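Here's the structure, in structure tokens; my notes come after.
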Amino acid sequence: MNAPATAPAAPTEAHVMQTYGRLPIALSHGQGCWVWDVNGRRYLDALGGIAVNTLGHAHPRLVPALQEQVAKLIHTSNYYHVPLQEQLAAKLCELSGLSKVFFCNSGLEANEAALKIARKFGQDRGNTTPEVIVFEGAFHGRSIATLSATANPKVHAGFGPLVQGFVRVPLNDLAAVEAAIKSHPNVTAIFLETIQGEGGVNPARIEFLQGLRRLCDAHDLLLMLDEVQCGIGRTGKWFAHQWADMQPDVMPLAKGLGSGVPIGAVVCGPRAASVLQPGNHGTTFGGNPLAMRAGVETLKIMEEDGLLAHAARVGAALKAGLERELAGVPGVVEIRGQGLMLGIELDRPAGAVLGQAAEAGLLISVTADRVIRLVPALILSEDEAAQVVAILAPLVKAFLAQPKA
Ligand SMILES: *Cc1c(COP(=O)(O)O)cnc(C)c1O
């Protein structure tokens with residue numbers, strides 16, 4: 001499938017701050033679920049910019065819409081009304097059943113706004129030290145507050161003192177949440193990813209989500225579901241919690257909403273929609289016309305092309321293919337996830353698979369050390385899903401056949 005790499009020039013970065021462990025690949029352009037590097041090598045993209053490129057690369061209807069928007073208006077500031085904000089907000093409310101939206105630029109910003117809402121929700125009720133229940137395995141971002149809400153000690157290391165006011169409990173353990181509410185009377189919100197992404201593709205169970213909804217109603221708490229990664233159609237519903245037939249009070253979104261253009265949003269139900277008042281929160285870039293147009297067009301194209309049903313169908317085919325090839329292989333612990341958000345947990349650190357897959361022409365990621373994560377564009381075809389399996393399964397088998405390091 002790939003032309004042999006002819007002495008690829010190793011990309012160098014003398015001036016970019018070295019905050020990432022990057023593969024020695026520099027990408028040049030893309031089309032659909034395929035990307036090419038600067039040496040002309042082609043890769044099947046099963047990472048989708050980490051669940052960002054909902055419509056793949058260079059989508060034939062998104063590109064002209066964004067070109068038109070760039071030529072018209074990129075940014076104005078929130079001193080003025082931005083009609084596209086209302087258009088995208090109305091659509092997000094229609095799809096979620098919630099009522100108001102705040103726009104920002106990224107996942108951590110959406111979560112930061114959610115945490116401000118949780119604190120003010122408590123403060124408005126006379127609670128001067130509001131606390132938020134968060135979960136083991138959680139990832140909410142890398143600002144000081146959102147890294148404090150994150151569980152991974154590697155994300156904390158070097159950045160103390162952490163922000164206070166978080167109570168951490170195990171995921172999918174309703175009794176632990178109930179006990180935390182009892183022992184921490186200042187709790188004002190419960191905050192979790194509907195499906196943990198960076199934590200290793202760990203879904204909150206349907207009964208757990210429904211139980212949290214009941215607890216929040218009974219104790220006047222906000223239920224805040226971080227759908228930054230699992231939302232926007234990835235699981236085959238607009239939002240992953242819709243599989244549990246319930247609603248959150250606060251839902252941060254980002255990654256897939258703009259199909260690659262930076263965007264974040266906090267969608268709120270009636271109990272949270274008017275917590276933030278004029279002057280309480282803001283952002284310079286948030287809700288700019290370019291990002292809003294990207295959001296509007298992404299959702300429109302998803303609807304027109306039936307991408308929810310498509311993601312559910314192709315995701316099921318991809319999972320079935322992986323199960324057919326890998327289930328029962330010693331060292332494969334579990335294959336899990338929903339729609340086009342899938343994880344293959346191995347019994348050992350899987351980081352080496354990343355480079356091997358890239359060598360074989362497949363872009364993936366490894367998260368939580370041992371989990372191979374697939375979060376491709378929602379336009380992935382069944383044939384491309386079969387190609388993912390055809391490249392990945394033999395690689396994983398060969399990797400697991402080696403003695404454990
Ligand atoms: C990626 C991610 C974030 C952080 O988003 P950024 O845009 O990188 O700040 C927060 N929450 C979840 C669930 C994520 O997957």
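FYI, the numbering just counts along the sequence from 1. Whatever order the structure lists them in is the order used to number ligands and atoms, beginning at 1. Model, not experiment: these values are computed from the prediction. Computed over heavy atoms, backbone and side chain alike; hydrogens, waters and symmetry mates excluded.
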Counting N and O atoms only, with roles assigned by atom type, does the side chain of Glu297 sit under 3.5 Å from a partner on the main chain of Leu66, one being a donor and the other an acceptor?
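Answer holds: no.
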
Could you check [atom] against the protein and tell me its nearest heavy-atom contact, residue, atom and distance included?
atom                   : value
atom 6 (P) of ligand 1 : Gly107 N, 3.5 Å
atom 2 (C) of ligand 1 : Lys255 NZ, 2.5 Å
atom 4 (C) of ligand 1 : Leu108 N, 3.7 Å

Using 4.0 Å as the upper bound for N to carboxylate O, is an ion pair formed by [Y] and [X]?
X      : Y      : answer
Glu303 : Lys300 : no
Arg213 : Asp249 : yes
Glu345 : Arg336 : yes

Option with minimal heavy-atom separation from atom 13 (C) of ligand 1, where the choices are Asn111, Ile263, Asp226, Thr367
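Nearest option to atom 13 (C) of ligand 1, by heavy atoms: Asp226.
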
If you apply the rule side-chain contact (heavy atoms from CB on, under 4.5 Å), what do you find for Glu198 with Val155, and how did you get there?
CA-CA 11 Å; Glu198 307 307 299; Val155 173; over 6 Å; no

If we set the cut-off at 4.0 Å for heavy atoms, which region of [X] has an atom near ligand 1: side chain, backbone, both, or neither?
X      : result
Ala254 : neither
Gln196 : neither
Thr146 : neither
Val228 : side chain

Please indicate whether any nitrogen or oxygen in [X] is less than 3.5 Å from any nitrogen or oxygen in ligand 1.
X      : value
Glu193 : no
Glu109 : no
Glu198 : no

Could you check whether Gln229 and Arg373, counting side-chain N and O atoms only, form a donor-acceptor pair closer than 3.5 Å?
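Short answer, yes.
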
Return yes if a side-chain donor-acceptor contact under 3.5 Å exists between Thr283 and Asn105, otherwise no.
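Yes, side-chain donor-acceptor contact under 3.5 Å.
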
Hey, is atom 8 (O) of ligand 1 touched by any protein heavy atom at less than 4.0 Å?
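It does not; no protein heavy atom is within 4.0 Å.
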
Given Leu223, Val177, Ile133, the one that forms side-chain contact (heavy atoms from CB on, under 4.5 Å) with Leu215
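That would be Val177; it is the only one of Leu223, Val177, Ile133 passing the side-chain contact (heavy atoms from CB on, under 4.5 Å) with Leu215.
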
